[in-house]
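Below you'll find the structure, written out as structure tokens, and then a few comments.
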Amino acid sequence: MAKSSTAKDALALIRSLRSAYAATPTNLKIIDLYIVFAVATALIQVVYMALVGSFPFNSFLSGVLSCVGTAVLAVCLRIQVNKENKEFKDLPPERAFADFVLCNLVLHLVIMNFLG
């Protein structure tokens, strides 16, 4: 009895999340897709390291940190670009994107320096 109630609750939750996400603007969905891509790339690198080994550990660490750092910066961009967020309502989207690009540039310069 409890199992069917839990399953119904889970389905109701999934339906409500899907309907709420359908109202999300396209630019936020594109950023979400970019975040999923960055996290999936990091996971693929971790699985590859687990299967093959981590001989050049600096390379593995740089790749994973690059993916995770890019995903975190993309989340920050999504927060700043979201129209429903009242905290950044005075910040133009162009400025938020410029901050994202500049921070990504600094992140990848540090990653390249870490590689050696």
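What you see is a predicted model; the values in this text were computed from it and never measured.
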With side chain to side chain contact (heavy atoms under 4.5 Å, CB included) as the criterion, how do Val81 and Phe97 come out once you've worked through the C-alpha distance, each side chain's angles and the decisive distance to 0.1 Å?
CA-CA 8 Å; Val81 172; Phe97 186 71; over 6 Å; no

Hey, any chance [X] and [Y] share a hydrophobic cluster, counting ILVMFWY side chains that come within less than 4.5 Å of each other, even indirectly?
X      : Y      : value
Val64  : Phe114 : yes
Leu102 : Val110 : no
Ile31  : Val75  : yes
Leu107 : Val101 : yes

Nearest heavy-atom pair of [X] and [Y]: which atoms, and what distance?
X     : Y      : result
Val39 : Ala71  : CG2-CB, 4.0 Å
Ala38 : Cys67  : O-CB, 3.5 Å
Ser66 : Ile111 : N-CD1, 3.9 Å
Leu73 : Phe100 : O-CD1, 3.6 Å
Leu91 : Ala96  : CD2-CB, 4.0 Å
Val68 : Ala42  : CG2-CB, 4.3 Å

Spacing of [X] atom [atom1] and [Y] atom [atom2] [to the nearest 0.5 Å]:
X      : Y      : atom1 : atom2 : value
Asp90  : Arg95  : CG    : CZ    : 12.0 Å
His108 : Asn113 : NE2   : CG    : 14.0 Å
Phe88  : Ile79  : CZ    : CD1   : 7.0 Å
Leu33  : Ile30  : CG    : CD1   : 8.0 Å
Leu77  : Ile35  : CG    : CD1   : 8.0 Å
Leu11  : Ser16  : CG    : OG    : 11.0 Å

Using a 6.0 Å cut-off, check whether atom OH of Tyr21 has over 12 heavy atoms from anything other than its own residue.
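More than 12 within 6.0 Å, yes.
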
Side chains of Thr70 and Tyr34, heavy atoms from C-beta outward: is any pair under 4.5 Å?
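Thr70 vs Tyr34: side chains touch.
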
If you define the side chain from C-beta out and look only at heavy atoms, does anything of Leu28 sit under 4.5 Å from Lys83?
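No, their side chains stay 4.5 Å or more apart.
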
Leu109: which other cluster members, linking ILVMFWY side chains closer than 4.5 Å, directly or transitively?
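When side chains under 4.5 Å apart are linked, the cluster holding Leu109 also contains Leu105.
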
ring-ring contact (aromatic ring centres under 6.0 Å, His included) contacts in which one or both residues fall within residues 56-80, not counting sequence neighbours
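Applying ring-ring contact (aromatic ring centres under 6.0 Å, His included) to every pair that reaches into residues 56-80, excluding sequence neighbours, yields Phe57-Phe60.
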
Sub-3.5 Å donor-acceptor pair from the side chain of Asn58 to the main-chain atoms of Leu115, do we have one?
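No, because the side chain of Asn58 does not come within donor-acceptor range (under 3.5 Å) of the backbone of Leu115.
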
Tell me, which pairs form a salt bridge (charged side-chain N to carboxylate O under 4.0 Å, His left out) where one or both residues lie in residues 20-47, sequence neighbours left out?
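Listed once each, the pairs are Asp32-Arg78.
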
